[in-house]
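These notes concern the structure reproduced below.
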Amino acid sequence: MTDIHSDKILIIDFGSQYTQLIARRIRELGVYCEIWAYDNDIATVLEFAPKGIILSGGPSSVTEQHTPRAPDGIFEMGIPVLGICYGLQCMAEMLGGEVSTSDKREFGHATVELCEDNALLSEATQNVWMSHGDKVTKVPEGFKIIAQSANAPLCAIADESRQFYGVQFHPEVTHSEHGEAILGRFAHDICGCGSSWSASNIIQEGIAKAKALVGDDHVILGLSGGVDSSVVAALLHRAIGDQLTCIFVDNGLLRKDEGDQVMETFAQNMGVRVIRIDAEERFLGELAGENEPEAKRKIIGRVFVEIFEEESKKIDNAKWLAQGTIYPDVIESAASKTGKAQVIKSHHNVGGLPDDMELELLEPLRELFKDEVRKIGIELGLPAKMINRHPFPGPGLGVRILGEVKKEYADVLREADAIFMQELYETGWYDKTSQAFAVFLPVKSVGVVGDNRAYDYVVALRAVVTIDFMTATWAHIPYDILANISNRIINEVRGISRVTYDISGKPPATIEWE
C-alpha cells in the first residue's frame, strides 16, 4: 500500500487568512501537508520529517519587536523553504537581510517581472495578488533577486544553493495566474515530492487504519445524511462491514423528509445496518428554555452521545464512536495543531462531547478538507447528488433557529427551507452556491396575508459561494428568483409574514448564524 504521508510538506502558520488555501493547493498537487503554529520547537519539526517547509503570510510586521518568527533551526535542516509574503520577510530578516515599512503598500493585483533564471519562477511576466505593507530592502547573503514589481523591487528572492525561496505575493490564491505552477515547482521539482495524496490512496489507507484500530470491536456511527457522515459510513462499511452499526437519530431538527431519504440510501440501497431512533421529544425537552448558541450545541452533542452510549450497550463489543469530523471543524474549534485560532463556535463533533464518554472516537476524515471528502465519496460510489449536497451542521436546525428551539419553529423552518431548496434546484442555482439554507428568526413582523392583517415570524435566506469554507461571499441570486422564493414561502408556509436575504460575507460573519 502506498504511504500517502511519506512525501510531505510542513506549513508554518503566521496567522494569514490564506494559510488554509496554501494547504489545499499543495494537496491538490497530490502532496500531503500539515499546518503548524510558528512556535513549535525544532525537535518536533525534525520528528515530522518534511521534505520542504512553507512559511505562510501573516498580519504582523517583522519590523516590530515580539512578532512571530520561524522556529530556530528551520534554516539548518537542509531542506527547501518557501516564504510567502510575511514568510518571505521573516526569512529575510532571520537570515541577515533587512525589512522596512514600504511607502507604497500593495493590496490587490500587481504585475511581476522575472529578473533571473531560477527553479521557482519561469514566466517572464505574470499577474499576481499582493497584500503587504512591508518590503525586503536588503537580501541576505547568498540570495539573489529573481523578480520585481513596481512597488516591490525585491518581489521574489532565492538562494538556490540552499533551496531557499521567497515571494512577496500570494501564489495560493486564484488571483495569481500562475500560482498553481509555482507551488507545483516547489513541491515536486524543488522538494522532490511525489503525488501519492489521491482519493484512491486515501481510501486505501483509511480502510487499513480503521481495520487496525478497530480490530474485532464494533463501531457506532451517528448517521445524519450529510456529506461527511455519509462518506464515513461508506468508508467504514467497506473496511469493517457488519462491525459497523449506523444510528440515525431523528432529533426533530432535520430537514424535510430527510429521515426517509437516509434510510433509503443506506439501509435499502447500500446494505448498511442502520437503526432509526425517534428522539424528537427528548432533544426538544433538553433544549427547552435555552437561548445561548454554544449551550445549545453542547446540549445537542451531549444528548447524541447519551443515545449512542445507550444503543452501544445493546450491541455486543461496541467500543468506538465514529464521526464525520473534517479539517475545517477542527480549525474553527481551535483544536488544530496551529492552536492559535480564537474559538468562533464549537462543533458538536469536536467541542460538545462529554469528558466521561465511554466510547472511543474514530474520525477517519479529520485531516481532510470538504472538497477532498467529496472526491472520496464519489470514489466510494456514493450518489453524486448526495455528495454534492450542501453542508448541514451537526446540530441541524438547532443552530438555524435563533434563540430557543421549539417544535413550532422547527416545523415552520423545515417547510420554508424545502421551498428554498426546490427553487434553487429548479433554477440551477443550487450547484452555483456552496451552501444555502433558511434561518428562523424568533421575532414577529406585521404583514398582510390575503385581506387579513398577519403578525407572524420572519425567515432569513442565506446562500454563499466559497472554495474552502474559510472565507465566503454571499451569492448574487437574481432578484426575480428571490422574489419568487419569498412569495412562495409567505403564501405556502403558515406562520411566516416576511422573508429577508442575508448579504453578509465571511468574514466578518460566519456562514451559519449561530
>> Holding to side-chain hydrogen bond (donor to acceptor under 3.5 Å, both in side chains), I want the full list of residues that pass it with Arg255, two or more places apart in sequence or in another chain.
In response: Glu258
> Using the benzene-type ring in the case of Trp, are the ring centres of Phe164 and Phe75 under 6.0 Å apart?
Replying inline: yes
>> The test is side-chain hydrogen bond (donor to acceptor under 3.5 Å, both in side chains); show your working for Ser56 and Ser16 and say whether it passes.
In response: CA-CA 7 Å; Ser56 84; Ser16 169; 5.3 Å; no
>> Does the structure place the NZ or CZ of Lys138 under 6.0 Å from the centre of the six-membered ring of Phe143, at an angle of no more than 45° from the ring's axis?
In response: no
>> For the backbone of Pro171 and the side chain of His178, can you confirm whether one donor and one acceptor N or O come within less than 3.5 Å of each other?
In response: no
>> Check whether Thr427 reaches the backbone of Glu423 with its side chain - one donor and one acceptor, N or O, closer than 3.5 Å.
In response: yes
> Looking at residues at least two apart in the chain, or sitting in another chain, which of them share a side chain to side chain contact (heavy atoms under 4.5 Å, CB included) with Ala438?
Replying inline: Leu413, Asp417, Val459, Leu461
> Checking side-chain contact (heavy atoms from CB on, under 4.5 Å) for the pair Leu55/Tyr38: CA distance, chi angles, key distance, verdict?
Replying inline: CA-CA 9 Å; Leu55 307 177; Tyr38 63 85; over 6 Å; no
>> My understanding is that only residues two or more places apart in sequence, or in another chain, count here; which of them pass side-chain hydrogen bond (donor to acceptor under 3.5 Å, both in side chains) with Ser122?
In response: Arg185
> Which pair of non-hydrogen atoms, one from Phe14 and one from Cys90, has the smallest distance, and what is that distance?
Replying inline: CZ-SG, 4.0 Å
>> Assess whether a salt bridge exists between Glu512 and Arg400, defined as any Lys/Arg side-chain N lying under 4.0 Å from an Asp/Glu carboxylate O.
In response: yes
> Stepwise, does the side-chain hydrogen bond (donor to acceptor under 3.5 Å, both in side chains) test hold for Thr19 with Asp13?
Replying inline: CA-CA 7 Å; Thr19 301; Asp13 182 24; 2.8 Å; yes
>> Test of understanding: with side-chain hydrogen bond (donor to acceptor under 3.5 Å, both in side chains), list the residues that count as partners of Ser176, not counting sequence neighbours.
In response: none
> CE of Met77 to NZ of Lys51: how many Å apart, nearest 0.5 Å?
Replying inline: 13.0 Å
>> Strictly distance-based, threshold 3.5 Å: is any side-chain N or O of Asn484 a donor or acceptor partner for the main-chain N or O of Asp480?
In response: no
> Any idea which heavy atoms bring Pro364 and Leu235 closest together, and the distance?
Replying inline: CB-CD2, 3.9 Å
>> Quick check against the 3.5 Å criterion: does Tyr86 have a side-chain atom that pairs as donor or acceptor with the backbone of Pro68?
In response: yes
> Should Pro478 and Trp429 count as side-chain neighbours, where that means a heavy-atom distance under 4.5 Å?
Replying inline: yes
> What residues, two or more places apart in sequence or in another chain, satisfy side chain to side chain contact (heavy atoms under 4.5 Å, CB included) together with Thr473?
Replying inline: Val465
> Where the side chain of His188 meets the backbone of Cys193, is there a donor-acceptor pair that is under 3.5 Å apart?
Replying inline: yes
> Which atom names give the shortest non-hydrogen contact between Met130 and Ser149, and what distance separates them?
Replying inline: CE-OG, 3.7 Å
> Under a 4.5 Å cut-off applied to non-hydrogen side-chain atoms, are Leu321 and Gln323 in contact?
Replying inline: yes
> Should we count CG of Asp117 as having more than 12 external heavy atoms under 6.0 Å?
Replying inline: no
> With distance as the sole test, does Ser60 use its side chain to make a donor-acceptor pair with the main-chain N or O of Thr67 at under 3.5 Å?
Replying inline: no
> Between Arg462 (side chain) and Phe437 (backbone), is there a donor-acceptor pair under 3.5 Å?
Replying inline: no
>> Regarding Lys375 and Glu379, does a basic nitrogen lie under 4.0 Å from an acidic carboxylate oxygen?
In response: no
> What closest approach, in Å, do Ala156 and Val167 show between heavy atoms, and which atom pair accounts for it?
Replying inline: CB-CG1, 4.0 Å
> Mind checking what makes side-chain hydrogen bond (donor to acceptor under 3.5 Å, both in side chains) contact with Gln422, not counting sequence neighbours?
Replying inline: Glu426, Arg488
> At their closest point, which heavy atom of Ala233 faces which heavy atom of Leu223, and how far apart are they?
Replying inline: CB-CD1, 4.1 Å
> In terms of side-chain geometry, is the basic nitrogen of Glu292 or Lys296 positioned less than 4.0 Å from the acidic oxygen of its partner?
Replying inline: no
>> Would Asp134 and Thr63 count as a side-chain contact (heavy atoms from CB on, under 4.5 Å) here? Give the steps.
In response: CA-CA 8 Å; Asp134 292 346; Thr63 63; 4.1 Å; yes
> Under 3.5 Å, is there a donor-acceptor pair between the side chain of Ser229 and the main chain of Ser224?
Replying inline: yes
>> I need the Ile503 CD1 to Ile477 CD1 distance, nearest 0.5 Å.
In response: 12.5 Å
>> If we check side chain to side chain contact (heavy atoms under 4.5 Å, CB included) with His237, which of these qualifies: Leu244, Leu221, Leu380?
In response: Leu244
>> Tell me whether Thr125 contacts the main-chain N or O of Glu113 through its side chain, where contact means a donor paired with an acceptor under 3.5 Å.
In response: no
> Looking at residues at least two apart in the chain, or sitting in another chain, which of them share a salt bridge (charged side-chain N to carboxylate O under 4.0 Å, His left out) with Glu93?
Replying inline: Arg69
> What residues, two or more places apart in sequence or in another chain, satisfy ring-ring contact (aromatic ring centres under 6.0 Å, His included) together with Phe392?
Replying inline: none
> If you look at every heavy atom in Leu10 and Phe48, which pair is closest and at what distance?
Replying inline: CB-CE2, 3.9 Å
> Do any pairs count as a salt bridge (charged side-chain N to carboxylate O under 4.0 Å, His left out) and have a residue in residues 146-165, sequence neighbours left out, and if so which ones?
Replying inline: Lys144-Glu160, Asp159-Arg162
>> Could you work out, with ring-ring contact (aromatic ring centres under 6.0 Å, His included) as the rule, every residue matching His476, not counting sequence neighbours?
In response: Trp474
>> For Gln168 and Gln89, which I'm curious about, is there any donor-acceptor pair between the side chains at under 3.5 Å?
In response: yes
> How would you list, by chain and number, every residue that makes a ring-ring contact (aromatic ring centres under 6.0 Å, His included) with His390, sequence neighbours excluded?
Replying inline: Tyr430
> Among all residues two or more places apart in sequence or in another chain, which pass the ring-ring contact (aromatic ring centres under 6.0 Å, His included) test with Trp197?
Replying inline: His5, Tyr32
>> With salt bridge (charged side-chain N to carboxylate O under 4.0 Å, His left out) as the test, pick out the partner of Glu372 among Arg24, Arg366, Arg27.
In response: Arg27
